[in-house]
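Presented below is the structure to which this report refers.
This is a predicted model, so every value here is computed, not measured. For ligands, and for the atoms within them, numbers begin at 1 and follow the listed sequence.
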Amino acid sequence: MIRRYTFGEVFETGAVTEQVDEGRALPYFTVRADAAGTRFTCPLGEGDAVYGLGETMRGIDKRGGRYVSFNTDNMRHEDDMPSLYGAHNFCIVAGARTFGAFFDTPARAVFEADYGGSGVLSVVCERAVAVYIVEGECAEDVARQFLRAIGRSYIPPLWAFGFGQSRWGYKNERDIRRVADRYAAAGMPLDYICLDIDYMRGYADFTVDARRFPDMAGLVGEMRARGIRLVPIVDAGIKIEAGDAAYEEGVRRGYFCKNKEGEDFRAAVWPGMTHFPDFFQAEARAWFGGLYKFYTDLGFEGFWNDMNEPAIFYSEYTAGKRGDRSGGDPLYRGGAFLEDYRNFTHRAGGRTVNHWNVHNLYGGLMTRASAEGLDKLLGGRYLLFSRASYIGAHRYGGIWTGDNSSSWLMLRRNVTMMPGLNMCGFLFSGADTGGFVGNASRELLLRWLAFSVFTPLLRNHSCKLTRRQECYRFRGKRDFRSLLALRYRLLPYIYSEFMKAALSADLYIRPLAFGYPADARARKIEDELLVGDSLLVAPVLEKGARGRTVYLPAPMTQVRWTGERFETSPLSAGEHFVEVPLGQAVFFIREGKLLPVGRGGMCTAEVDLAAVELLGDGTEYAQYIDDGVTRDVSLQNVRILRR
Ligand code: MIG
């Protein structure tokens, strides 16, 4: 059961799509207005866990931390970093009493969960907020009700579940061909290669640098024939440049955000000075989405939207102010200066609203604009993922978790973020495998792959000037081949479980606490996850480890992927030390469940979802299966496989 309680004059975010009744008095929380905003306080019992909050640092249980919803471009992903790129204001308190709470506000919100041992969950909303309280039988039930209320997840095409290679620094068609050739030569599967900002002319969206990519349509077609898609990046800011069609049309039609004087707001990002599209205006969204025709005409079917917090490097409004280090240089790359978010406005529903008060919606509305455009431009499904997001944007695209780094902590955070993202609707998500900033070691990349082969979005991405991180760059290619092959062998399961979760408002990845709520030990586990209905995954997260200790809440079938075959053996409930050599993967099939594994392939087009072998001790498996592109998706596409 869900009830809505409003505090102040709420800006409707569109996050909740289901009809929800207004409640009378807000349960669980005491409410007080103070200088910071409206403060909601709920006492936490000793044993209560706090789940959710999507893209945030720290563990699966958010207790002990402080999290600030204010979408931020920040690559220092340490556990004390309060804000990342998304604002996912849904959490679940689970313990003596279990309920969910969604603080639906586009403005800044601060969550403190037993922060400093306060013994309370406190949420401060700077502006008006609609609070949704979700009551259910258990944490999982609460999460599922919430997923139903916020509407169906974005559904990518099958190829988007393949492996993608990316790097900031691929600068011309030779670089792209080399990636494709070397993956093929190494016998490693690949489904897409991302084009980062260097494909553009002067970093302007909806352009291609013709010196670097003289025949982009030809390249897209050539790659497509090899089973590889190209996926360009699209940044939020539109370059201010006479003659640029997007710029001129945007100005003429009044589709850009305004400064306080009512002029088009100017801020510098990669292209130099830009204007930000006002995604709050329906017409501006339709216009922006239509601009993707430039890309679809070239044959592109996948996109990643970046810089849409929006990130700002410099602005003339704050230049010279205290704390500004730009020295008035418009090409200064210093990172967002918070004050700038107060310096521009949107037109929404006939009113002018200051950006500051609706900041967290901006990136999600860009995703929506892109998706609605692509829905019209393309006949089938497309890949779309964004950096910034708000709950509701999960209906239009996926997200990646931004500029992490090549460290063991980041691998662990990839694991702990996934369940929270799923609770907030972002089923199609994943991290930069291997890490974005810094230099990945061979060992780290292999251990990371052994985990991220289970995440829907599987992409190796890295930053300019870091060590080359493509799998073929490392010695002992066999180990990389093994893990990538595993992903393609698992695709019938991964795709099926993702689709069933999306179509039935369920989670694709869950904490053990959800699957085994009566098991006190399972409730505390932060380094094992349930993936789909059949699997328990326990990745190796430590440098130099030969394997790891795994806790199984129930007897299971252990599966060892050797690189060539799946070796299964029954394992009792309890603790086991499991050896996992690099390049192998070990995971577990739950009691009474089955895992369909396929024959794999060098790209998703070669994968036959129907040709599966069943592992595990269950008796039947409900497999979702379709052609991978149709928009006609429903649970009718499920067939029952019997052992
Ligand atoms: O200011 O396009 O998170 O994935 O490679 C950096 C360059 C801009 C940030 C993205 C990252 C991407 C990079 N972008």
Is it true that Lys258 and Asp264 have a side-chain N and a carboxylate O under 4.0 angstrom from each other? yes

For ligand 1, which atoms sit closer than 4.0 Å to a heavy atom of Ile197? 2 (O)

Under 4.0 Å, heavy-atom basis, I'd like to know which part of Phe313 is in contact with ligand 1: side chain, backbone, both or neither. side chain

What protein heavy atom sits nearest atom 5 (O) of ligand 1, and how far off is it? Asp196 OD2, 2.5 Å

Is it the case that Arg447 places NZ or CZ above or below the six-membered ring of Trp408, under 6.0 angstrom from the centre and within 45 degrees of the axis? no

Number the atoms of ligand 1 from 1 as they appear, then name those within less than 4.0 Å of a heavy atom of Asp403, with their elements. 3 (O), 4 (O), 9 (C), 10 (C), 11 (C)

Over 60° means perpendicular and under 30° means parallel, so classify the ring planes of Tyr295 and Phe206, tilted if in between. tilted

Geometric N/O contact Asp432 with ligand 1, under 3.5 angstrom: no

Contacting atoms of ligand 1, where contact means under 4.0 angstrom from a heavy atom of Trp400: 3 (O), 4 (O), 10 (C)

Using a 4.0 Å cutoff against the non-hydrogen atoms of Met307, which atoms of ligand 1 qualify? 1 (O), 8 (C)

Atom 6 (C) of ligand 1 [closest protein heavy-atom partner, distance rounded to 0.1 Å]: Trp270 NE1, 3.5 Å

Any N/O of Trp168 closer than 3.5 Å to an N/O of ligand 1? no

If the cut-off is 4.0 Å to any non-hydrogen atom of Phe436, which atoms of ligand 1 fall inside it? 4 (O), 5 (O), 11 (C)

Decide yes or no on side chain to side chain donor-acceptor pair (under 3.5 Å) for Asp340 and Ser315, but give the supporting numbers first. CA-CA 7 Å; Asp340 276 317; Ser315 97; 2.5 Å; yes

Polar proximity ligand 1 side, Asp306 side, N/O cut 3.5 Å exclusive: yes

At under 4.0 Å between heavy atoms, what of Asp73 touches ligand 1? The answer is neither

Please confirm whether Trp168 and Trp270 have ring centers closer than 6.0 angstrom. yes

Interatomic spacing from CE in Met417 to CD1 in Ile509 - rounded to 0.5 Å: 13.0 Å

Using a strict cut-off of less than 4.0 Å between a Lys/Arg side-chain nitrogen and an Asp/Glu carboxylate oxygen, indicate whether Asp79 and Arg413 qualify as a salt bridge. yes

Could you identify the single nearest non-hydrogen protein atom to atom 4 (O) of ligand 1 and state the distance to 0.1 Å? His461 NE2, 2.9 Å

Within the structure, does Trp304 bring an N/O atom to less than 3.5 angstrom of an N/O atom in ligand 1? no

Can you tell me how far the OH atom of Tyr85 sits from the CE atom of Met75, to the nearest 0.5 Å? 8.5 Å

For Ile233, the ligand 1 atoms with a heavy-atom partner under 4.0 Å come out as 2 (O)

Ring-ring centroid check Tyr341 Trp356, cutoff 6.0 Å: no

So among Phe256, Tyr362, Phe280, Phe265, which one has a ring pair (Phe, Tyr, Trp, His ring centres under 6.0 Å) with Phe344? Phe265

